[in-house]
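For reference, the structure discussed in these notes is given below.
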Amino acid sequence: MDTQTTEAPTTNAMPRIGDPAPAFTAETTQGEINFPDDYAGKWVILFSHPADFTPVCTSEFMTFSAMEKEFNAYNTELVGLSVDGLYSHIAWLRTIKEKMVFKDMKDIEVTFPLIEDISMNVATKYGMIMPGEDTTKAVRAVFVIDPAGIIRTIIYYPLSLGRNFDELLRVVKALQTADAFEVATPADWRPGDKVIVPPPGSCGVAKDRMDGSQEGVECVDWFFCTKEISEEQVESAIRAS
Ligand code: BEZ
């Protein structure tokens with residue numbers, strides 16, 4: 001009889017939504033950063049990619065970089081990481097600027113910091129190494145961290161799957177809208193769509209039983225109430241001045 005057992009791969013402790021972002025100091029392509037303290041008062045997307053000089057990662061960096069100003073307009077900074085070294089990062093980003101063309105993007109200069117993490121210290125702290133996928137590369141992790149340094153959203157993708165950056169911008173806008181208006185956002189929400197008025201007792205907001213009598217609130221049932229917030233109201237509340 002075959003008595004061999006399959007051992008579960010070693011897993012790292014992973015931070016969770018609602019936890020303070022684990023602190024670290026690291027060297028980046030833009031100098032040393034002290035995370036998350038250097039970003040106090042700002043939203044941050046901390047994301048990892050598997051390796052420099054790989055095609056999916058290249059397409060992602062070009063896309064993220066082309067959208068950076070849009071993220072900045074929502075008080076959001078980008079910080080990348082892979083377990084490569086600084087010289088590899090610099091050479092790859094130079095190649096992207098000098099040679100790479102993807103969709104209608106070319107001559108893309110990546111100006112947000114890219115963390116070097118040869119020791120895997122940061123990747124391990126953030127649970128970015130998933131041994132079942134790859135023991136020597138970070139998966140495509142995304143941590144959305146709020147101005148108080150709290151992790152608000154975590155998304156993981158495998159090595160083969162490039163991220164959807166419109167979705168990441170939607171996540172930022174939805175989190176900021178939820179905070180600004182004390183609401184929740186339904187499936188596929190975009191600014192201008194109706195928002196959810198949280199049911200009684202949830203989110204620490206609505207204390208009374210919902211019956212639709214509150215001005216502007218429509219209830220299908222006590223647990224499913226919505227209201228209109230126009231795109232202009234959303235934008236003026238969340239767009240950085
Ligand atoms: C890529 O970015 O193309 C890639 C990186 C690691 C494994 C597979 C694909």
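Source: prediction; values computed, not measured. All ligand and atom numbering here is 1-based and tracks the order in the structure.
Using a distance-only test at 3.5 Å, with no hydrogens or angles considered, a donor-acceptor pair links the side chain of Arg170 to the main chain of Trp189. Not a single donor-acceptor pair under 3.5 Å links the side chain of Asp221 to the backbone N or O of Phe223.
Looking at Thr63 and Phe102, their side chains come closer than 4.5 Å, going by heavy atoms from C-beta outward. A 4.5 Å side-chain heavy-atom check between Lys227 and Gln214 finds every atom pair outside the cut-off.
Salt bridge status for Arg190 with Asp193: absent, with no side-chain N to carboxylate O gap under 4.0 Å.
Scanning the protein for heavy atoms near atom 9 (C) of ligand 1, the closest one is Leu159 O, 3.9 Å. Looking only at protein heavy atoms, the nearest one to atom 6 (C) of ligand 1 is Pro50 CB, 3.7 Å. Nearest protein neighbour of atom 4 (C) of ligand 1, counting heavy atoms only, is Arg140 NH2, 3.6 Å. Atom 3 (O) of ligand 1 has as its closest protein heavy atom Val56 N, 2.7 Å.
Checking only distances, Ser160 never comes within under 3.5 Å of ligand 1, N or O to N or O. Backbone and side-chain nitrogen or oxygen atoms of Pro55 are examined, and one is located within less than 3.5 angstrom of a nitrogen or oxygen of ligand 1. Not a single N or O atom of Lys137, backbone or side chain, sits closer than 3.5 Å to an N or O atom of ligand 1. Of the N or O atoms in Cys57, one or more lie within a sub-3.5 Å distance of an N or O in ligand 1.
The two residues Glu32 and Glu27 come nearest to each other via the heavy atoms N-OE2, 3.6 Å.
Contacts with ligand 1 closer than 4.0 Å are made by no heavy atom of Glu133, backbone or side chain.
No hydrogens or angles considered: nothing links the side chains of Asp84 and His89 as a donor-acceptor pair under 3.5 Å.
Of all the atoms in ligand 1, the ones that sit under 4.0 Å from a non-hydrogen atom of Thr54 are 1 (C), 2 (O), 3 (O), 4 (C), 5 (C).
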